[in-house]
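We count ligands from 1, going down the list as the structure has it; atoms in each ligand are counted the same way.
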Amino acid sequence: MKVLVATEKPFAPIALTQIRIVTDAAGYELVLLENYKNISDLQAAVSDADAMIVRSDLVTSEVLDSAKKLKIVVRAGAGYDNIDLTACTAHDVIAMNTPGQNSNAVAELAFALMLYQARGGFVGKSGTELRGKSIGIHAFGNVAKHVAEIAKGFGMDIYTFDPFVVEKDIKKYSVKVCNTTTELYSKCQYVSLHMPSNEKTRKSIGYDLLKRMPKDAVLVNTARKEVIDEEGLLKIFAERLDFKYLADVAPDCSPIFKENYQGRFLFTEKKMGAQTEEANMNACLAAARQIVDYFKTGNEKFRVNK
Ligand code: 3PG
């Protein structure tokens, strides 16, 4: 049984050591494809693999066409918008994710971005503090819960909107519930996004919501760049000099930001939310265990395609 770990952005070495322990114990061969540049490299590597572990790597129909023996692909992470689920089903490949395994790392990054911005980039000028400021957590999943816990430690006033989570599960985190997105954005100086990218959420955060935010608004996006309506974001930036945007990966319109809005944005070069040794270990170990469990017992608990 051959397990391919295909990561354009590699896991920390310590995480790979752990994963190897799991595959060795199961008697499986572990093969690495790291830092690859072309889809043809992925196609060649997956051609004789029985299982594949990926991160944000694109698993397209084209890739699956080359995967003659593939039975399962596991996204070591939460968001599986990089995997063509319909194509997986058509190729008889099971797709899974590993929800919750890298949530704390993503939540910590949201605060790293907020603190860096609040302190003006640590260049000697007086900044501001997070204590006493309002934060709106848009969607209340695994990362959001960690954000709420950390925000509580900072003494922030915490709100959320998530129609899919029952109120009592939100209140456990000392978070106030908003009934609409309009209410959330109107109340919060900071808004942190935590929804997946799908057909309902893509381009869903735009001008009409952002214009509601109070003075010195800061939008924090450690979710996906695709959930932002970039035209609306640019419109609010042009209108409001107080508006800031912090994002884990640059938007497509980042050249416009670089040219016109220096000091009002912060974009990571590569997606950094899950880039900690701990998150890498959690996510890739979970992925390896899910693969072994699937082959040994047929467990499909984390399956995301039909
Ligand atoms: C996730 O969806 O789990 C995160 O966005 C992590 O993505 P990455 O594995 O590409 O860093």
Side-chain angles (χ1 to χ4, degrees), residues 3-16 18-19 32-37 39 42 51-60 63 73-85 88 95-113 137-147 162 192-202 204-205 220-228 246-252 266-291 301-305:
V3 180
L4 171 70
V5 177
T7 49
E8 182 271 322
K9 184 178 63 188
F11 289 120
I14 192 172
L16 294 170
Q18 300 282 323
I19 214 177
L32 298 184
L33 174 72
E34 296 182 313
N35 289 310
Y36 62 93
K37 299 284 174 264
I39 182 180
L42 177 57
M52 175 162 70
I53 296 173
V54 293
R55 300 186 66 175
S56 291
D57 307 78
L58 295 181
V59 182
T60 59
V63 170
V73 56
V74 183
R75 196 283 191 237
Y80 45 88
D81 45 311
N82 52 315
I83 298 181
D84 185 334
L85 297 184
C88 282
M96 294 188 185
N97 68 343
T98 64
Q101 299 295 339
N102 55 26
S103 312
N104 183 62
V106 180
E108 286 190 14
L109 181 75
F111 281 87
L113 296 173
I137 303 175
H138 191 162
F140 206 71
N142 290 316
V143 179
K145 288 174 183 133
H146 286 281
V147 169
D162 191 331
S192 190
L193 306 177
H194 298 290
M195 68 285 284
S197 169
N198 57 38
E199 61 289 345
K200 292 210 176 84
T201 61
R202 254 168 247 137
S204 63
I205 312 300
V220 187
N221 183 5
T222 54
R224 290 288 185 273
K225 69 175 180 177
E226 288 80 6
V227 303
I228 303 289
L246 317 176
D248 190 18
V249 305
D252 294 335
L266 181 55
F267 304 145
T268 54
E269 292 295 323
K270 276 216 166 197
K271 202 139 163 293
M272 288 301 295
Q275 276 303 59
T276 65
E277 289 184 347
E278 293 89 337
N280 286 178
M281 270 196 286
N282 292 342
C284 79
L285 254 182
R289 285 182 179 139
Q290 284 171 214
I291 287 169
K301 182 172 173 203
F302 294 103
R303 182 172 183 160
V304 291
N305 64 331

A student checking ligand 1 against K271 at a 4.0 Å heavy-atom cut-off should list atoms 4 (C), 5 (O), 6 (C), 7 (O)
Contact between ligand 1 and R75 is defined here as a heavy atom of the residue under 4.0 Å from a ligand atom; is it met? yes
Scanning both residues in full, the closest heavy-atom pair of I291 with A51 reads CG2-CB, 3.7 Å
Check your understanding: Would you find more than 12 non-hydrogen atoms of other residues, nucleotides or ligands less than 6.0 Å from Y80 atom OH?
Key -> no
When distances are taken from atom 3 (O) of ligand 1, the protein heavy atom at minimum range is A78 N, 2.6 Å
Find out whether E8 and R55 are in side-chain contact, i.e. whether some heavy atom of one side chain is under 4.5 Å from a heavy atom of the other. no
Counting heavy atoms under 4.0 Å, the part of V106 that contacts ligand 1 is neither
Here the gap from T7 atom OG1 to L16 atom CG, rounded to the nearest 0.5 Å, amounts to 7.0 Å
Any nitrogen or oxygen of G79, side chain or backbone, less than 3.5 Å from one on ligand 1? yes
Practice item. Check whether any heavy atom of R224 sits under 4.0 Å from an atom of ligand 1. Key: yes
Logged contact type for M272 with ligand 1, heavy-atom cut-off 4.0 Å, is neither
Numbered in order shown, the ligand 1 atoms found under 4.0 Å of a heavy atom of N102 are 1 (C), 3 (O), 6 (C)
Donor-acceptor under 3.5 Å (R75 side chain, I83 main chain): no
Find out whether V59 and M52 are in side-chain contact, i.e. whether some heavy atom of one side chain is under 4.5 Å from a heavy atom of the other. yes
In short, salt bridge (Lys or Arg N to Asp or Glu O under 4.0 Å) pairs touching residues 271-285 with sequence neighbours left out are none
Looking only at heavy atoms, the pair that brings P99 and N97 closest together is CD-OD1, 3.2 Å
Note: ligand 1 atoms sitting under 4.0 Å from heavy atoms of G77 are 3 (O)
Numbered in order shown, the ligand 1 atoms found under 4.0 Å of a heavy atom of A274 are 6 (C), 11 (O)
Ranked by distance from atom 10 (O) of ligand 1, the top protein heavy atom is S56 OG, 2.5 Å
Of all protein heavy atoms, the one nearest atom 11 (O) of ligand 1 is K9 NZ, 2.7 Å
